[in-house]
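Down below is the structure, laid out as structure tokens.
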Protein chains: 2
Amino acid sequence: MAHTLEDIAEKSGYSRSTVSRVINGEPGVSKKARQQITKIIKELNFHPNQAARALATGKINTIGLLIPETVNFIFTDPYFQLLAQGISKACENNDYALLLWLTEPEIERSSIKKYLNHGIVDGFITASINFDEPMIDTLLQSNLPFVIIGRHAYEFDLNYVDLDNLAGAELATQHLVDRGYKRIATITGPQDMFAGEERLTGYCNVLHANGLVIEENLIIEGDFLQESGYTCAKKLLAFKPDAIFAASDMMAIGAMNAIREAELHIPEDIAVIGFDNLPLTAQQKPPLTTIHQPIHQMGYLAVETLLKVMDNPDGEVFQTIIRPSLVTRQST
Amino acid sequence: MAHTLEDIAEKSGYSRSTVSRVINGEPGVSKKARQQITKIIKELNFHPNQAARALATGKINTIGLLIPETVNFIFTDPYFQLLAQGISKACENNDYALLLWLTEPEIERSSIKKYLNHGIVDGFITASINFDEPMIDTLLQSNLPFVIIGRHAYEFDLNYVDLDNLAGAELATQHLVDRGYKRIATITGPQDMFAGEERLTGYCNVLHANGLVIEENLIIEGDFLQESGYTCAKKLLAFKPDAIFAASDMMAIGAMNAIREAELHIPEDIAVIGFDNLPLTAQQKPPLTTIHQPIHQMGYLAVETLLKVMDNPDGEVFQTIIRPSLVTRQST
DNA sequence: ATGAAAGCGCTAACAA
DNA sequence: TTGTTAGCGCTTTCAT
């Protein structure tokens, strides 16, 4: 077995308590004691047993990351990895461990419940796309603090970190308007998702504000994935748009494929703008103009928010909405 | 706070030990006691405190997943998610929690070391692409049992789960030969990676066995990513291959883009075969023939292997090599 | 500034 | 079949 506090105490000639104080950086320890003990800890490469610590303090220093794996999404979109990176980094910096929960949608509730009540995390973050209300109820019942990445339509007072999708969509559409495009089409996200809805609203707002007609034919609903961008764009082409705002980069990439297949040129014949600023966008031909969503940062922020929530048992609610920005590239 | 064993003991009129036995499904408890206690546990939705349990048993029922995030790779390839899914599923089925460690390559050692010695996992799985030997030494020094997904060139007696890359490449190349292609090119993986090396060897083996010339011009080294498939294919086209074996699906997809850009048809002008059988392959136009690597299953297997290792302290080494299979689609 | 001792919630001998 | 008891390795009062 590994060393224990007792070992360190013995070797240093001090008591367990003093060693504990040193490890936790508590005051009330003589400089000499601190030095000696620190030295021995280093030498023996000692690390306190987390289980014992957790038992004594009631805190386990671990947060959970709950991802209902809606298969297609997770598999095709780099979104999750960026998020995971940000979250992981934040955990590392705050000395928290990160527990990964990938749950299948079907058995969602039971499986989650089990974990939630096991007391193996101090709180959790969830990045789900298609919550239903019972699902949120389940989460609330756990009595664990949690933070949601990406809002939903529900009007609960939940902790969340989210992007300003409305502003992003407006940015994108306004950019197209400013460039002089007149027949601006959009491939939307699913209209039962908050982000999908808001991005469409932003598009409409801007057309309206600029006195452009909102033409039904130029609005078509996708599902955020590449394939749907391709098929939607094929349909749109019949109505001769001069620009397409795709509500996700993956759909924009799909749309670009369709446009190229139709032997049209980007942006001369049709401009394309995406949303998310995935690393892939820069590699497109031509590189894709898009709206920057700082996914990594949102992950990081979610952890920091959760930590705040955890030492704020007075029930304060933390909601952060991040502003996106425009990344101009050669597709517009 | 949540309930404790003691609470259940009190309410049921039995002792802590008996309740503990019931919870752990141990024998030697009367039917009546078991029923009563089970009922109360359900009613109170009691779950034993994991920290206490871990402290008492010395086992924490958690395994770590160590992923050195070589940024480009992780971000572009669905490989990791498939793997994570398989691993997560296996953990769930075996009542283990899964700790996620994404470590930056640079700070690899120190960061890992900290985690490794914290005693917060019973063992870990690592899916790294570019290990160096010092890295492996670090892992070994932790004294934690671990399983590697994907072998490396080192001749250690390590536990691993890997694909038979050689057989896969042979399958792919032979398929092209069987279809009558004569000028078969290959876009290889990085030659400093074991998988990259083996997949090239398999290609050469088959050409050789079929009396075909191995032409330098038809072999070009990529890095498994889509972009490199594209650029490599562009170069290859000058040498008029009638088929291309790409050592990864992502490269195959890149190659297909290059071929289409050259206004050539797949497979009439050039056939393409990939490797991995990512979900994406089926959606290509035309759908991509490829070698099936059961990534999900490998993840699952890795966990099972790790569990075996963990209750086999006699140092038995477990090495599993999985056979790939051919998935024929319209690109060949 | 330091130490003694109790206790966190559980498991696992050992007794009964 | 059941209960008693002694830890697991740490934190945290409370003395000193």
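Letters A, B, ... are given to chains in the order of the sequence lines, protein chains preceding strands, and every chain is numbered from 1.
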Residues forming a salt bridge (charged side-chain N to carboxylate O under 4.0 Å, His left out) with Glu10(B), sequence neighbours excluded: none
Let me have the donor-acceptor pairs involving side chains of residues 93-101 of chain B, under 3.5 Å, with sequence neighbours excluded, atom names and distances please.
residue	atom	partner	partner atom	Å
Asn93(B)	ND2	Tyr300(B)	OH	2.8
Asn94(B)	ND2	Ala90(B)	O	2.8
Asp95(B)	OD1	Lys114(A)	NZ	3.0
Tyr96(B)	OH	Lys59(B)	NZ	2.6

By salt bridge (charged side-chain N to carboxylate O under 4.0 Å, His left out) - contacts of Asp7(B) (at least two apart): none
Rounded interatomic separation in angstrom, taking NZ from Lys59(B) and P from dC10(C): 17 Å
d(CG, Asn61(B); P, dC10(C)) in whole Å: 15 Å
Reported CG-to-CD1 distance for the pair Leu139(A) and Ile148(A), which is rounded to 0.5 angstrom: 7.0 Å
First of Ala56(B) and Thr18(B) reached from the 5' end of DNA chain D, by closest nucleotide: Thr18(B)
Inter-residue atom distance Phe124(B).CZ - Leu65(B).CG, 0.5 Å rounding: 10.5 Å
Whole-Å distance separating the NE2 atom of His3(B) from the P atom of dC10(C): 11 Å
Proximity to DNA chain D (any heavy atom under 4.0 Å), residues of residues 8-16 of chain B only: Gly13(B), Tyr14(B), Ser15(B), Arg16(B)
Whole-Å distance separating the CD atom of Gln50(B) from the P atom of dC10(C): 10 Å
Ile60(A) backbone acceptor or donor facing Gln50(A) side chain under 3.5 Å: no
Stretch residues 34-46 of chain A: residues that reach within less than 4.0 Å of DNA chain C through a heavy atom: none
Touch class at under 4.0 angstrom, heavy-atom based, for Ala33(B) against every strand present: sugar-phosphate
Gap separating the CG atom of Leu82(A) from the CD1 atom of Ile87(A), nearest 0.5 angstrom: 11.0 Å
Of residues 22-31 of chain A, the positions that come close to DNA chain C - non-hydrogen atoms, cut-off under 4.0 Å: Gly28(A), Val29(A), Ser30(A)
OH-CD1 distance between Tyr14(B) and Ile8(B), expressed to the nearest 0.5 angstrom: 14.0 Å
Spacing of Ile60(B) atom CD1 relative to dG9(C) atom P, expressed in whole Å: 17 Å
Given dC10(D), dT2(C), dC10(C), the nucleotide with the shortest approach to the side chain of Ala52(B): dC10(C)
Spacing between Asp7(B) atom CG and dC10(C) atom P, to the nearest angstrom: 8 Å
Smallest separation among heavy atoms of Leu163(A) and Met298(A), with atom names: N-CE, 3.7 Å
Contacts of Glu304(B) that satisfy salt bridge (charged side-chain N to carboxylate O under 4.0 Å, His left out) - sequence neighbours left out: none
Using nucleotides 13-16 of chain C, report all nitrogen or oxygen pairs with the protein that are shorter than 3.5 Å.
none

Contacts of type salt bridge (charged side-chain N to carboxylate O under 4.0 Å, His left out), residue Asp162(A), not counting sequence neighbours: Arg151(A)
N/O donor-acceptor pair under 3.5 Å between Thr305(A) side chain and Leu301(A) backbone: yes
Rounded distance [0.5 Å steps], CD1 in Ile41(A) versus NE2 in His3(A): 11.5 Å
Between C1' of dG9(C) and CD1 of Ile120(A), the distance in whole Å: 16 Å
Rounded distance [0.5 Å steps], CD1 in Ile120(B) versus OG1 in Thr62(B): 8.5 Å
Distance, rounded to the nearest Å, where His47(B) contributes NE2 and dC10(C) contributes C1': 16 Å
Solution key, residues 32-39 of chain A side-chain donor-acceptor pairs under 3.5 Å, sequence neighbours excluded:
residue	atom	partner	partner atom	Å
Arg34(A)	NH2	Glu26(A)	O	2.7
Thr38(A)	OG1	Arg34(A)	O	2.5
Lys39(A)	NZ	Glu43(A)	OE2	3.4

Of all pairs that satisfy ring pair (Phe, Tyr, Trp, His ring centres under 6.0 Å), the ones with a partner from residues 17-45 of chain B, not counting sequence neighbours: none
Touch class at under 4.0 angstrom, heavy-atom based, for Ser20(A) against every strand present: base
Axis deviation across the helix from dA1(C)-dT16(D) to dA16(C)-dT1(D), five-pair ends, to the nearest 10°: 40°
Asn159(A) side-chain N/O to Phe318(A) backbone N/O, donor-acceptor pair under 3.5 Å: yes
